There are 2 protein chains.
Amino acid sequence: MSTEELKALFNQSGQRFTAQREAVWQLFVEHPRGLTIAQATTVLAERKISQTTIYRTVKNLQDMGYLRWVHNPEGEHRYLATRPGHTHMLVCRQCDRAVECSDCDLSVLEQLIARKTDFTVEGHYLEFYGLCPNCRKTL
Amino acid sequence: MSTEELKALFNQSGQRFTAQREAVWQLFVEHPRGLTIAQATTVLAERKISQTTIYRTVKNLQDMGYLRWVHNPEGEHRYLATRPGHTHMLVCRQCDRAVECSDCDLSVLEQLIARKTDFTVEGHYLEFYGLCPNCRKTL
DNA sequence: ACAGTTAATGAAAAAATATGTCAATAAAAA
DNA sequence: TTTTTATTGACATATTTTTTCATTAACTGT
Ligand SMILES: [Zn+2]
Ligand SMILES: [Zn+2]
Ligand SMILES: [Zn+2]
Ligand SMILES: [Zn+2]
């Protein structure tokens, strides 16, 4: 998602792509490992962007599908730039680097579970964790 | 996990299975969809169990592996009783009834992702949602 | 460019969530 | 029973998130 495209999307729905919103978006684009709100606030405070705006913008981008959060086993919440739609995250437990993996086929599994439980399975929330190539080397 | 077994586990490690701890555990057993701390506090306030104890007991049970927290896409934190080890929940989006499904085989998918990303995939969080038999009938 | 209109921001307050302290209490051990 | 130890709950404190509202900035039409 380029800055221009994002601007267009904001404008389409009568919203303004302000300098603050652009800065928040940029920050997440520049940090593929994702950031907590606290981290984002610390960085963006230097640019005089308020915490309130960060909370609001994160929520905006999240609702639009361009930011999503992951949680590591320790329970930390971090937000990551992402594409809208059904995707999953693969997160490194060591360095928190994350990549998106949009292909998943759980249909066979979902059918199995549907048969066993008699539920209608409509979807899933899935997140992978492991070690990125770098961290595997250094461990 | 029966109450007796849990009591034995607490005692084994020199801890006491008090009435408060039992009440907290019971509450989560009775709510398979899980509860937020706030919900648990509201219910257990009637039995004069303090918020502090609830936080502490939830942490205890979590450390022991009998309670785990789920952080769904809506951002809600809920704790739910579970067995230690690897399981998943299948939750009805209508009535919140949930069943545990411990069998999952994502090995093929994990291998595919590992090849594509060069990550070492160690595990996953997975939660299914859909409709339970009852709700399917009445919709 | 200018005035009118609407949306967004930021500072502060308020609310919600989580943790720490410590005297009183309850359970187990002696 | 008496002593010892773990646990609880009231309260204080800290952290995180949301709300409020006056000010500021961005768009609109002229
Ligand atoms: Zn890594
Ligand atoms: Zn999927
Ligand atoms: Zn149902
Ligand atoms: Zn699994």
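Owing to the predicted nature of the structure, the values given are computational and were not obtained by experimental measurement. Numbered from 1 within each chain, the chains take letters A, B, ... in sequence-line order.
Between Tyr55(A) and dT18(D) there is no side-chain N or O to OP1 or OP2 distance below 4.0 Å.
In this structure, Asn11(A) places its CG atom 10 Å from C1' of dA26(D), rounding to the nearest Å. The distance from atom CD of Gln51(A) to atom C1' of dA8(C) is 17 Å, rounded to the nearest whole Å. The interatomic distance linking Gln39(B) (CD) with dA18(C) (P) rounds to 12 Å, in whole Å. Rounded to a whole Å, the OH atom of Tyr79(A) is 10 Å from the C1' atom of dT17(D). Note: NE2 (His77(A)) to C1' (dA18(C)) measures 13 Å, nearest angstrom. Following rounding to the nearest Å, Lys7(A) (NZ) and dA8(C) (P) show an atom-to-atom distance of 12 Å. For the pair Glu22(A) CD and dA25(D) P, the interatomic distance rounds to 17 Å; values are reported in whole Å. The nearest whole Å value for the distance from the CH2 atom in Trp69(B) to the C1' atom in dA18(C) is 14 Å.
Under the 6.0 Å cut-off for aromatic ring centres, Phe128(A) and Tyr125(B) do not qualify, their centroids lying 6.0 Å or more apart. Aromatic pair His124(B)/His86(B): centroids less than 6.0 angstrom apart.
For the residue pair Arg136(A) and Thr120(B), a side-chain donor N or O sits within less than 3.5 Å of a side-chain acceptor on the partner. For the residue pair Ser2(B) / Glu5(B), a side-chain donor-acceptor distance below 3.5 Å is found, with atom types taken as modelled. There is a side-chain donor-acceptor pair under 3.5 Å between Thr87(A) and Arg68(A). With 3.5 Å as the limit, one finds no donor-acceptor pair spanning the side chains of Thr57(A) and Gln20(A).
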Interface polar pairs with nucleotides 7-9 of chain D, N/O, under 3.5 angstrom:
residue, atom, partner, partner atom, Å
dT7(D), OP1, Arg16(B), N, 2.8
dT7(D), OP1, Arg21(B), NH1, 2.7
dT8(D), OP1, Thr18(B), OG1, 2.5
dT8(D), O3', Gln20(B), NE2, 2.9
dG9(D), OP1, Gln20(B), NE2, 3.4
dG9(D), OP1, Lys48(B), O, 3.0
dG9(D), OP2, Ser50(B), N, 3.3
dG9(D), OP2, Ser50(B), OG, 3.3
dG9(D), OP2, Thr53(B), OG1, 2.7
dG9(D), N7, Arg56(B), NH2, 2.8
dG9(D), O6, Arg56(B), NH1, 3.4
dG9(D), O6, Arg56(B), NH2, 3.4

